[in-house]
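Structure below; questions to follow.
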There are 2 protein chains.
Amino acid sequence: MSGLRELKKERTRRRIAAVALRLFAERGFEAVTVNEIAEAAEVAKVTLFKYFPTKEALVLHGVGEEDLAGIVAARGPGRTPLEALREHYRASAAEPVADAEALVAQLQVIFASPALSDAANNLLYGQRQALARVLANEPGEAGEPGEKGELGGPEKGRRDLVAALTAAQITASMLTVQEAYFCDLVEGVTPQEAARRLGEAVELAFDLLEHGLPNRNRREG
Amino acid sequence: MSGLRELKKERTRRRIAAVALRLFAERGFEAVTVNEIAEAAEVAKVTLFKYFPTKEALVLHGVGEEDLAGIVAARGPGRTPLEALREHYRASAAEPVADAEALVAQLQVIFASPALSDAANNLLYGQRQALARVLANEPGEAGEPGEKGELGGPEKGRRDLVAALTAAQITASMLTVQEAYFCDLVEGVTPQEAARRLGEAVELAFDLLEHGLPNRNRREG
DNA sequence: TACGTATTTGTACTCGGTTCACCTAGAGTG
DNA sequence: CACTCTAGGTGAACCGAGTACAAATACGTA
């Protein structure tokens, strides 16, 4: 099980992904068949599907793989989930992105294809559910220790609902913030400027989450 | 273009949907082929796809067809978007559901199939985007009239972001509330009780949206 | 070198969905 | 009632994503 095999595998994987991204960028996601990709990457179709389970996965590797649930579960003592997540996004907005050019190409392909956008959206949905599970197992608000621990009838249901709503709002907000960031990049904003806006957006999003939505646009007469 | 033709069309449509739902409920979504459905419904496969654009649509007709954007756009004077939506959901929680049994069957099929759950999720995503567009075109917070109307550079971006975040939080919350309702139904809660819980959940969800998430579960050292 | 195993490959298949040429049945007209 | 016109249904062939399987190849190791 030594190096050469692993090396070739990694190279093949990269080659397939790169060829796919290039073809998709040239002609659009739906206009390229997996047969073409396999041929251009000089592998059998079966091999391609051993590396990437679906055609969508050829583009979506690395998208939506952040582990929000893990971040909340592993937060330091004395931190709320919201604080932990704000910190995390603040940090990742601060550090420069690895390969901006490739990222932009990837995002353009994704945004240009409804099928891909849908698939990306569904990846985020999994995050939401995982986060909801973690939040539901948190000790209750301010941690009253009187609740017998086990399932508490109607109170349990309410706690779960609050957890689910919290998770839903957080993930939806983070998705929106990331979308805005991606849009900036795709529209040609420099990575530095996009990162700055991302930082601002994170703070704004968490402020809204903590303090509530503006509820003032009453319609005049 | 008079009655008989339309009548038969409607009947065929219903027959196809009913047959599909029955087969899916019996054997699961993925284990039934569209050929079987067409055969059982006594139509050609082509005809089936003329009525329903995809296999998923056989189950998802009527799901996620609420027009949140329309509700917000058509709200009465002096109402905020949040108020209008709260009112809408309050009202729909109050009125009894048409055919509870069919609804439960439909929901069970959807929840049992990841592909269907994903498709349902994507329908909601469209709602979110439509709602964001409507909110972005609202007059700004408290309607300051000094902004020149047209695009306002950085301020425009911030307004759009607030609108997108608002829409994201609202739709995510409503999705969660509906999911909880559906779960109640699927788990055998009576329609009346489920409706009562739905009403409570709506109020809770909007309270959280307006006043912010509870930010108190600090982790004790 | 030679052997065992992981990986790749070609072929043929299933299933969702579409295209196309043809045909039926209902609607309108005399 | 007979005649035509046409919306809509039909069968058959087709396409692309994804899978099953057995044969072939390349790597790791003795």
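In this text the structure is predicted, and so the values were computed from the model without any measurement. Proteins get letters first, then strands, A, B, ... in listed order; numbering begins at 1 in each.
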- prompt: Would you say a side-chain N or O of A:Lys50 is under 4.0 Å from OP1 or OP2 of C:dT7?
  reply: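 False: A:Lys50 side-chain N/O out of range (4.0 Å or more) of C:dT7 OP1/OP2.
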
- request: Look at B:Tyr51 and D:dG8 and indicate whether a side-chain polar atom (N or O) is within less than 4.0 Å of OP1 or OP2.
  value: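 The answer is no; no side-chain N or O of B:Tyr51 sits under 4.0 Å from OP1 or OP2.
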
- request: Find the distance B:Glu6:CD to C:dA27:C1' and express it as a whole number of Å.
  value: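 Whole-Å distance recorded here is 12 Å.
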
message: Checking contacts here: which listed nucleotide (C:dG16, D:dG18, D:dC27) is nearest the side-chain heavy atoms of B:Val34?
response: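 Closest nucleotide to the B:Val34 side chain: C:dG16.
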
query: Closest to the B:Phe49 side chain: C:dA6, D:dG18, C:dT18?
result: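 So the nucleotide nearest the side chain must be C:dT18.
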
message: From CZ of B:Arg13 over to C1' of D:dG9, roughly how many Å is that when rounded to an integer?
response: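 Rounded to the whole Å, the gap is 15 Å.
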
task: Could you check if a side-chain atom of A:Phe182 sits within less than 4.5 angstrom of a side-chain atom of A:Val104, using non-hydrogen atoms only?
output: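 In short, these two side chains do not touch, never coming nearer than 4.5 Å.
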
- request: Please answer whether the main-chain N or O of A:Thr33 pairs with a side-chain N or O of A:Lys55 as donor and acceptor at a distance below 3.5 Å.
  value: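 Pair absent, no side-chain N/O of A:Lys55 close to backbone of A:Thr33.
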
task: Starting at atom CD of B:Glu10, determine the distance to atom C1' of D:dG8, rounded to an integer number of angstrom.
output: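 Distance check: B:Glu10 CD to D:dG8 C1' gives 15 Å.
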
field: Euclidean distance, atom CG of residue B:Asn35 to atom P of D:dT10 [Å, nearest integer]
entry: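 Distance, rounded to whole Å: 14 Å.
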
- request: Specify whether B:His61 and B:Phe52 have parallel, tilted or perpendicular ring planes, treating 30° as the upper limit for parallel and 60° as the lower limit for perpendicular.
  value: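 Plane angle over 60°, so perpendicular.
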
Phosphate contact (D:dA17 OP1 or OP2) by A:Lys45 side-chain N/O below 4.0 Å: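 Indeed not, no polar side-chain atom of A:Lys45 lies that close.
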
query: In whole Å, what is the span from the CD atom of A:Glu36 to the P atom of D:dC15?
result: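 The answer, rounded to whole Å, is 14 Å.
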
task: Could you work out which one of D:dG18, D:dT10, D:dC27 sits closest to the side chain of A:Lys8?
output: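 Nearest listed nucleotide: D:dC27.
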
field: Atom pair distance, as rounded to whole Å: CD in A:Glu30 and C1' in C:dG16
entry: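 Taking atom C1' of C:dG16 as the reference, CD of A:Glu30 is at 16 Å.
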
query: Counting side-chain heavy atoms from C-beta on, which of C:dG16, D:dT10, C:dA6 comes nearest to A:Arg5?
result: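 Nearest listed nucleotide: C:dA6.
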
task: Determine the contact category for A:Thr54: base if any of its heavy atoms lies under 4.0 Å from a base atom, sugar-phosphate if only primed atoms, P, OP1 or OP2 are that close, otherwise nothing.
output: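 It contacts sugar-phosphate atoms only.
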
message: Using side-chain heavy atoms (C-beta onward) and a distance below 4.5 Å, is A:Val34 in contact with A:Phe49?
response: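 With C-beta onward as the side chain, the pair touches.
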
query: How many Å lie between CG on A:Leu23 and C1' on D:dG16, as a whole number?
result: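 So the two atoms are 16 Å apart, to the nearest Å.
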
- prompt: Does a side-chain heavy-atom distance below 4.5 Å link B:Gln169 with A:Leu209?
  reply: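 Yes - at least one pair of side-chain heavy atoms lies under 4.5 Å apart.
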
- request: Starting at atom NZ of A:Lys9, determine the distance to atom C1' of C:dT5, rounded to an integer number of angstrom.
  value: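 After rounding, the reported distance stands at 13 Å.
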
field: Below 4.0 Å: OP1/OP2 of D:dG16 and any side-chain N or O of A:Thr33
entry: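 No, outside the criterion.
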
